[in-house]
*Asks:* 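This is the structure I want to talk about, given as structure tokens.
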Amino acid sequence: MKGRALRAPKGTRDLLPPATGLWAAVEAEVHRIFALYGYREIRTPILEETELFARGVGEATDIVGKEMYTFTDRGGRSLTLRPESTAAVCRAYVEHGMQTLPQPVRLYYLGPQFRYERPQRGRYRQFHQIGAELLGGRGPASDVEILLLLVAFLRRLGFAELTVLLNTVGDAPSRAAYRAALLAYLEPRAAELGEESRRRLGTNPLRILDSKDPAEQELLAAAPRLADHLTPASREHFAAVRAHLDRLGVAYRVEPRLVRGLDYYTNTVFEVVSGDLGAQNAICGGGAYEGLVEELGGPPTYAVGFAIGADRLLEVLPAGSPLRAPGRHRGPVLLAAAGRLPESGDGVSPLTPIAERLRSEGVPVVETGARAPRLFQLAEQLGAPALAFVGEEELARGELSLRELGSREQTRLPFAEAADRLRRYYEEQP
RNA sequence: GUGAGUGUAGCUCAAUGGUAGAGCACCGGACUGUGGCUCCGGACGUUGUGGGUUCGAGUCCCAUCACUCACCCCA
């Protein structure tokens, strides 16, 4: 009995070749570039205790309030599919006593995250983040270091246009002072706010700032500004970050309205957005978080990090990105018989040992029984750079006839030379 | 959670309320040392699903599901 067709759950998707080749190329680049800045990979569980996110990300956030995949396991524990990874990295930092390692500790991660939301372009229930966290750092210099890594990575992928949007949300005293000032301004005008913003008056008034509602925007234009309520320490912090960036020639734009959705940020916050993404335009978000490690039971620890949305990143990866270089995405060489080859009698094609020798020389190859002209179609569809023919003569002399698809030239070469020539198609240029 | 749009073959799309089709792709054959063909043949669908109206529904109505986009929010 045939039931209804099964499909990937809402908001999840299969990644298929050739797209997976591009994903792998991005991941390889992550490992390479992040290592250049001294970052090492951490892999945390996809499941965590629900309490980690409630405490770490914040009860008042949308993520914790309505977007988590939470369930009770057979032992009665409340577990949650991670909606982000910063809290987990901090938990691991505390759990494994990483404050005893040389500080700062530089970690990066990549992997799936889960949020229960209505899917749309650039937003999935299972999405993928590439993140870096610097823990145990020293303020502005650490903020700048993480931004340098971010910018270097994006540039390496071929992004030329993207700008870092920068702001400060102040330290805890700054925010307390500003919160009071903002409430004093907004509460008498609560009637002019939308339902969602009114609710935030009681939970997270700062988030009202990035409302897109035109009426609210107008109201907010005259609202007190966070910049005017910063403590001297926060003011200095932000000025130092900007001075560093200016001096290093890192392009950024100060965006006074930029407020991040997670509770743990302090002082420096930043985002990278792309105009090619529709409404969900953030490619990367990040900032410093001074209180999180302590909140999770560790020592007071200065930390800063970012998370890049890999799905969105891939969607807007420039056409000219070096990650799209053909050498990274070629199909295997096709190995075919020319004419009729003598049967070995045991049913094994004489091509098979040749294919194996090519593979041991580092040449990707598949055998095919297809004949020209079908052979050439196949080569095109599979992205093969060349065909290798073996006929009776080649077999007798230990040679291969190579037909290169680009130049259309055919050459007959001794096996070793043929292998060298084919291997060159698969070498990456740095 | 709210709103709008769209659902026909693996893909792209046709079909006035009257026999569900084409192109591409796929499989087989012709072609026994070579070019992106050509020719012949094949498989391919509970028209998303369930109801309703009708002599008759891919087409009209209702519901539902999925997808897409937007709101919300974020990566």
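Quick note on labels: first sequence line is chain A, next is B, and so on, each numbered from 1.
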*Asks:* Looking at residues 79-92 of chain A, who's got a heavy atom less than 4.0 Å off RNA chain B?
*Replies:* none

*Asks:* Does a side-chain N or O from Lys66(A) land closer than 4.0 Å to OP1 or OP2 of G1(B), or not?
*Replies:* no

*Asks:* With a cut-off of under 6.0 Å to the ring centre and 45° to the axis, is Arg123(A) in cation-pi contact with Phe127(A)?
*Replies:* no

*Asks:* Under a 3.5 Å limit for both distances, which nucleotide forms a Watson-Crick or G-U wobble pair with A63(B), could you say?
*Replies:* U49(B)

*Asks:* My understanding is that a pair needs two contacts under 3.5 Å, Watson-Crick or G-U wobble. By that rule, which nucleotide pairs with U19(B)?
*Replies:* none

*Asks:* For a quick check, with a 4.0 angstrom heavy-atom cut-off, what is the B/S/- contact string for nucleotides 30-35 of chain B, read 5' to 3'?
*Replies:* --BBBB

*Asks:* Can you tell me, in whole Å, how much space there is between the C1' of C39(B) and that of G5(B)?
*Replies:* 45 Å

*Asks:* What are the two closest non-hydrogen atoms of Ala384(A) and Leu334(A), and how far apart are they?
*Replies:* CB-CG, 4.2 Å

*Asks:* Counting Watson-Crick and G-U wobble pairs only, both distances under 3.5 Å, name the nucleotide matched with C39(B), or none.
*Replies:* G29(B)

*Asks:* With respect to the phosphate group of A70(B), does any side-chain polar atom (N or O) of Gln120(A) fall under 4.0 Å of OP1 or OP2?
*Replies:* yes

*Asks:* More than 12 non-hydrogen atoms from neighbouring residues, nucleotides or ligands closer than 6.0 Å to CZ on Arg40(A), yes or no?
*Replies:* no

*Asks:* Please determine, for C44(B), whether a Watson-Crick or G-U wobble partner exists with both distances under 3.5 Å, and give it or none.
*Replies:* none

*Asks:* It should be established whether Arg125(A) places a side-chain nitrogen or oxygen under 4.0 Å from OP1 or OP2 of nucleotide C74(B).
*Replies:* no

*Asks:* Count the heavy atoms belonging to other residues, nucleotides or ligands that lie under 6.0 Å from CZ of Arg357(A), then report whether that count exceeds 12.
*Replies:* no

*Asks:* Between Arg43(A) and Glu41(A) (salt bridge meaning N to carboxylate O under 4.0 Å), is one present in this structure?
*Replies:* yes

*Asks:* CZ of Arg155(A): more than 12 outside heavy atoms within 6.0 angstrom?
*Replies:* no

